[in-house]
Novice: 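Mind looking over this structure? Questions follow.
Whatever order the structure lists ligands and atoms in, that order sets their numbers, starting from 1. Quick note: numbers below take in every heavy atom, side chains included, and nothing from hydrogens, waters or symmetry partners.
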Amino acid sequence: MKFFIDTANLAQIKEAHELGVLDGVTTNPSLMAKEGITGEENVKAHYKAICEITDGDVSAEVIATTYDEMIKEGLELAKLHERIVVKVPMIKDGVRAIKYFSKQGIKTNCTLVFSAGQALLAAKAGATYVSPFIGRLDDISTDGLQLIEDIRLIYDNYGYETQILAASVRHAMHIINCAKIGSDVITGPLSAMLSLLKHPLTDNGLAQFLADHAKAAEAGK
Ligand code: G3P
């Protein structure tokens, strides 16, 4: 399963990259705004800076919501770097745009997906990735992981190559359950990735090993 980090924060992207387990980056307009990145040229420069850190795909979201504008914006984004994936919302014009980009050999990530039907449409349009937002479904008392299971079943039934990119991942159990279901990718904040490290028995065990080593070294003097 691929690990993407869901942020536009360069320091966090570097930290995840240096851990050696980062496969790509996803961003969205809210995450860019959170880092204070505004203005077309600054946004483009920021995407390029992200592409220089990671070796994996970098999702850059279009702001446009009409077909012609999405195509124009998506083509400009795709030109920025070979690792850019054009992120397109799950709306009618978005599905058309994904089909267009897919015919041009441009990678896409269909975002804001909340149902299996939307995921089916994204795959039929040829999306490279589909992003179901599991945390936001959980937020409204709907089972986000069940959606990942449903999409996995549908894609496997027909051999769709669209990769399931579980998004809005918030914590370790989301990641572990996505891996059990067979999600192709997860994306979440650095904190979710780092939470996989944590176990009290690891901390206790290490403290004991080091204490025993120090005691034996002292006795051997
Ligand atoms: O990738 C989608 C993500 O940015 C949404 O996450 O935590 O805002 O629901 P969240």
Novice: Among all residues two or more places apart in sequence or in another chain, which pass the side chain to side chain contact (heavy atoms under 4.5 Å, CB included) test with Ala127?
Specialist: Ile98, Thr108, Cys110, Ala122, Thr162
Novice: Are a donor atom and an acceptor atom from the side chains of Asp150 and Gln146 found within less than 3.5 Å of each other?
Specialist: yes
Novice: Would you please say whether a donor-acceptor pair under 3.5 Å links the side chains of Thr66 and Asp93?
Specialist: no
Novice: Do Val62 and Ile50 land in one hydrophobic cluster if side-chain heavy atoms of ILVMFWY residues count as linked below 4.5 Å?
Specialist: yes
Novice: His171 vs His174 aromatic rings, parallel, tilted or perpendicular, using cut-offs 30° and 60°?
Specialist: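 The rings of His171 and His174 lie parallel, inter-plane angle below 30°.
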Novice: Just the distances, no angles: every ligand 1 N or O to protein N or O pair closer than 3.5 Å, one line each.
Specialist:
residue	atom	partner	partner atom	Å
ligand 1	1 (O)	Asp6	OD1	3.4
ligand 1	1 (O)	Asp6	OD2	2.9
ligand 1	4 (O)	Asp6	OD2	2.5
ligand 1	4 (O)	Asn28	ND2	2.9
ligand 1	7 (O)	Arg170	NE	2.9
ligand 1	8 (O)	Arg136	NH2	2.8
ligand 1	9 (O)	Arg136	NE	2.7
ligand 1	9 (O)	Ser168	OG	2.7
ligand 1	9 (O)	Arg170	NH2	2.9

Novice: Return the CG to OG1 distance between Leu22 and Thr54, rounded to the nearest 0.5 Å.
Specialist: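 Nearest 0.5 Å value for the CG-OG1 distance: 4.5 Å.
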